[in-house]
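Some notes on the structure that comes next.
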2 protein chains.
Amino acid sequence: MATMNDVARAAGVSTSTVSYVLSGKRTISPDTRAEVLAAIEKLGYSPHAGARALASNRSNVLGLMVPLREDVNVSVVMQFVSAVVTTARTFEQDVLLLTQDDTDGIARVMSQSIVDGMIMMDIEAKDPRVPLLAKMRKPAVLIGLPDDAQGLSCVDFDFAAASRVSVRHLVDLGHRRVALIGSPQASLERHATYADRVRNGFEAAASAANVDFASRACEPTAAALAHALQDLVTGVDAATGLVVHNEFLLPMLRDTLSEMGLSVPADISVVAIAPTDVALASTAPWTAVSIPAHDIGRTAVEMVMERMHTEKPAEVRLIVPSLVQRVTTSPAKASV
Amino acid sequence: MATMNDVARAAGVSTSTVSYVLSGKRTISPDTRAEVLAAIEKLGYSPHAGARALASNRSNVLGLMVPLREDVNVSVVMQFVSAVVTTARTFEQDVLLLTQDDTDGIARVMSQSIVDGMIMMDIEAKDPRVPLLAKMRKPAVLIGLPDDAQGLSCVDFDFAAASRVSVRHLVDLGHRRVALIGSPQASLERHATYADRVRNGFEAAASAANVDFASRACEPTAAALAHALQDLVTGVDAATGLVVHNEFLLPMLRDTLSEMGLSVPADISVVAIAPTDVALASTAPWTAVSIPAHDIGRTAVEMVMERMHTEKPAEVRLIVPSLVQRVTTSPAKASV
DNA sequence: GTTTGGTATCGAAGCGCTTCGCTTAAATTA
DNA sequence: TAATTTAAGCGAAGCGCTTCGATACCAAAC
């Protein structure tokens with residue numbers, strides 16, 4: 001392995017010159033620059049990340065802690081991961097992967113300076129990892145909104161607003177009884193913040209609009225879905241407008257409803273809260289508030305990078321939802 | 001940040017002593033060891049990964065290149081990732097994440113010594129990344145079997161044998177016409193090695209058993225599935241035994257068949273080639289050859305680690321399949 | 001009592017880079 | 001022409017660790 005010294009010798013310059021050619025932090029004449037680059041090429045030189053990290057105190061690696069739980073949809077997780085990795089590369093950063101359960105990992109990678117910053121997904125209301133992260137003196141961004149962010153920056157989709165927009169859309173169409181099918185029970189119980197916020201937003205919006213409402217958690221199985229729907233959309237006070245925040249269930253929703261004799265949107269209008277590709281993965285695409293996983297992931301990286309060199313106060317960014325009407329919502333039938 | 005020097009001073013020893021306490025590479029008296037550990041504790045010392053990497057020429061990071069494609073099932077990918085990360089931690093390694101399309105990433109992370117070794121998933125028959133990897137002088141393991149591994153080690157599930165076992169099971173049950181529903185067309189076209197091997201194994205086994213066979217690629221949509229089934233399991237020469245290697249499709253398979261008036265296993269026996277949890281995610285669990293994602297991921301890490309310090313010849317390990325009969329296969333009806 | 005062999009510790013070199021201050025030469029100004 | 005500025009490059013210190021002798025001490029062996 002050629003070192004920077006070898007390059008310097010081959011180019012007939014000092015190592016510092018080579019370093020400045022590479023970093024561009026001082027002016028170098030075009031001639032020497034060319035000679036240095038030629039030497040680099042010829043020797044197949046590439047800098048040693050460890051040495052660079054030692055001297056510059058920067059590793060050019062970002063830590064990303066991802067959830068690998070039963071109750072989160074891995075395909076959505078992957079959209080975040082993909083956005084984070086791609087964006088990180090535009091900042092010349094690589095991404096180190098930590099799993100949710102590896103709580104010690106936070107301290108390990110940060111205090112050993114393996115990473116320059118951290119991004120943490122799937123934050124819970126009282127997430128024990130948040131105080132740990134806050135103690136470290138490197139930038140960190142949460143994807144999600146804990147009760148107390150302890151001075152850390154956060155980015156997330158505005159799930160409460162997403163619920164609100166969904167309810168309002170249904171109400172505007174004349175629906176007077178709305179229902180929510182949400183995340184699995186497990187997500188609610190551990191207070192994954194998106195689950196809580198969707199539910200609270202839903203209930204607040206329905207109350208404010210003065211319409212009847214009901215909400216249910218739902219496990220990712222056909223049976224659970226059928227059961228939940230039984231409760232919510234049949235009987236005398238059946239809802240005619242449904243909000244679904246559960247990517248597992250969406251693929252089976254239409255069939256399950258039709259087995260119950262309900263057609264969409266004639267009998268029941270449905271708004272999905274889901275990534276666009278999930279909402280479109282159906283012959284009759286869902287009216288949906290899309291979860292912009294890519295934007296969130298990208299923003300998280302940008303926020304970490306902004307705080308890498310310069311002090312910048314913590315901030316919370318909520319991505320504003322927008323509803324796209326497709327073919328699964330329509331005006332309510334005139335009430336009896 | 002306290003350095004090793006600070007610790008040495010606080011403990012009244014030399015830095016080398018501290019280093020040896022930490023690495024255990026020389027004997028240290030219990031007393032000094034205790035003092036050193038106390039100083040470490042008191043100062044909240046943790047070693048600087050960059051400095052360590054520079055001096056020892058080891059980063060303790062493994063690179064993992066994962067596919068984020070449309071045609072691979074992310075939940076299966078995550079099982080591999082999870083196994084790799086977990087196993088890596090048992091070797092005190094962290095995992096750096098690279099995405100499939102980042103071909104330059106291989107050279108970058110290896111020649112800059114950001115990682116000590118690489119694991120690459122979703123290998124294609126003539127994968128352009130394989131020669132790149134082979135050029136590097138750090139250990140690497142492929143999950144998959146390219147046509148030419150160029151001296152690299154490989155680990156994978158024996159998909160050909162999985163097909164064989166599935167066909168034999170159906171044949172033993174008296175089925176004389178078998179069909180395969182495989183990966184999406186895209187996977188076959190890019191010669192993802194699992195897709196090719198499942199198909200070839202299937203056709204070879206059926207030929208050898210002297211039974212009729214047919215096979216189809218299938219996109220991950222209900223419509224495509226219905227269409228494929230139409231071809232394969234209806235009509236005069238309908239198959240009565242079906243092998244399915246496609247995790248997307250399994251959840252909708254039973255319903256689609258029942259809409260066609262076919263019940264499982266009365267009218268048609270089905271063997272799945274899928275991870276156990278997918279095979280069990282049904283009220284009537286599938287007879288299946290399970291894809292041991294966790295074992296494969298773990299083995300990949302072990303193989304990299306074995307080659308980290310010592311020269312060891314490349315090897316190919318195929319994980320032997322085993323079929324578990326559940327409730328979706330039964331003897332063929334007596335033929336007419 | 002001298003030699004041998006272990007055991008526990010120290011000191012220093014070096015891993016490959018970044019960065020600061022200095023020097024030299026050329027360009028600009030008065 | 002002398003004084004001043006600017007551009008380009010050099011040298012050396014230092015980042016925090018690992019590792020290889022060398023050393024000092026003590027117990028056992030002859």
Side-chain angles (χ1 to χ4, degrees), chain A residues 1-37 39-40 43-61 92 108-114 116 138 308-309, chain B residues 1-37 39-40 43-61 92 108-114 116 138 308-309:
Chain A
M1 292 288 88
T3 73
M4 190 173 259
N5 232 311
D6 300 334
V7 172
R9 212 171 316 128
V13 299
S14 72
T15 58
S16 54
T17 303
V18 176
S19 178
Y20 287 123
V21 166
L22 255 24
S23 69
K25 294 194 178 173
R26 284 200 183 171
T27 52
I28 299 285
S29 74
D31 295 5
T32 27
R33 146 173 278 105
E35 278 185 286
V36 168
L37 293 176
I40 287 176
L43 298 179
Y45 165 78
S46 57
H48 187 284
R52 176 174 286 188
L54 176 58
S56 67
N57 208 26
R58 304 258 284 93
S59 68
N60 295 310
V61 174
E92 314 255 78
R108 180 164 39 81
V109 301
M110 295 205 96
S111 60
Q112 299 189 6
S113 288
I114 294 176
D116 292 337
K138 293 188 189 278
M308 196 83 94
H309 306 282
Chain B
M1 292 287 86
T3 73
M4 188 173 259
N5 231 311
D6 299 334
V7 172
R9 211 171 317 130
V13 299
S14 72
T15 58
S16 53
T17 301
V18 177
S19 178
Y20 287 124
V21 166
L22 255 24
S23 70
K25 295 193 177 175
R26 284 199 183 171
T27 51
I28 299 286
S29 74
D31 295 5
T32 16
R33 145 171 279 104
E35 279 184 285
V36 168
L37 292 176
I40 286 176
L43 298 179
Y45 165 76
S46 56
H48 187 283
R52 178 174 285 188
L54 177 58
S56 67
N57 207 26
R58 304 260 282 96
S59 67
N60 296 309
V61 174
E92 314 254 78
R108 179 163 40 81
V109 300
M110 294 205 97
S111 58
Q112 299 191 5
S113 288
I114 295 176
D116 293 337
K138 293 188 188 279
M308 197 82 95
H309 306 282

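In what follows, chains are A, B, ... by sequence order, proteins preceding strands, each numbered from 1.
Residues B:T32 and B:V13 share a closest heavy-atom pair of CG2-CG1, 3.8 Å. In terms of heavy atoms, A:I28 sits closest to A:Y20 at CD1-CB, 4.0 Å. Taking every heavy atom of both residues into account, B:R33 and B:V21 meet most closely at NH2-O, 3.8 Å. In terms of heavy-atom proximity, B:A11 sits nearest to B:V36 at CB-CA, 4.0 Å. For the residue pair A:A53 and B:H48, the shortest heavy atom distance occurs at O-CE1, 3.9 Å. Minimum interatomic distance between A:S59 and A:D116 (heavy atoms only, all atoms of both residues): N-OD1, 2.8 Å.
A donor and an acceptor atom, one from each side chain of A:S16 and A:S19, are nowhere located under 3.5 Å apart.
Contacts between residues 18-28 of chain A and DNA chain D, defined by a heavy-atom separation below 4.0 Å, involve A:R26, A:T27, A:I28, listed by number. Less than 4.0 Å separates DNA chain D from at least one heavy atom of each of the following residues of residues 1-13 of chain A: A:G12, A:V13. Near DNA chain C, meaning a heavy atom under 4.0 Å away, the residues from residues 49-59 of chain B are B:L54, B:A55.
Base engagement by A:S16 is indicated by at least one non-hydrogen atom pair under 4.0 Å involving a base atom.
When atom types are taken as modelled, the side chain of A:T15 and the backbone of A:N5 share no donor-acceptor pair closer than 3.5 angstrom. Although no hydrogens or angles enter the test, the distance criterion places a donor-acceptor pair under 3.5 Å between the side chain of B:S46 and the main chain of A:S111.
Comparing the local axis fitted to the first five base pairs of the helix from C:dG1-D:dC30 to C:dA30-D:dT1 with the one fitted to its last five gives a bend of 50°, rounded to 10°.
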* Please report the C-alpha distance between B:M4 and B:R52 in whole Å, then the side-chain angles of each, then the deciding distance to 0.1 Å, and finally whether the side-chain contact (heavy atoms from CB on, under 4.5 Å) criterion is met. => CA-CA 11 Å; B:M4 188 173 259; B:R52 178 174 285 188; 5.8 Å; no
* Asked: Yes or no on side-chain contact (heavy atoms from CB on, under 4.5 Å) for A:R108 and B:E92, after CA distance, side-chain angles and deciding distance?
  -> CA-CA 11 Å; A:R108 180 164 39 81; B:E92 314 254 78; over 6 Å; no
* Decide yes or no on side-chain contact (heavy atoms from CB on, under 4.5 Å) for A:I40 and A:L22, but give the supporting numbers first. => CA-CA 10 Å; A:I40 287 176; A:L22 255 24; 3.6 Å; yes
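To the nearest angstrom, C1' of C:dT9 lies 14 Å from CZ of B:R33.
Protein chain B contacts DNA chain D from D:dG16 to D:dA22, reading 5' to 3' and using non-hydrogen atoms of the protein with a distance under 4.0 Å.
Take B:L43 and apply the side chain to side chain contact (heavy atoms under 4.5 Å, CB included) test, not counting sequence neighbours, and it matches B:A2, B:D6, B:V7, B:A10.
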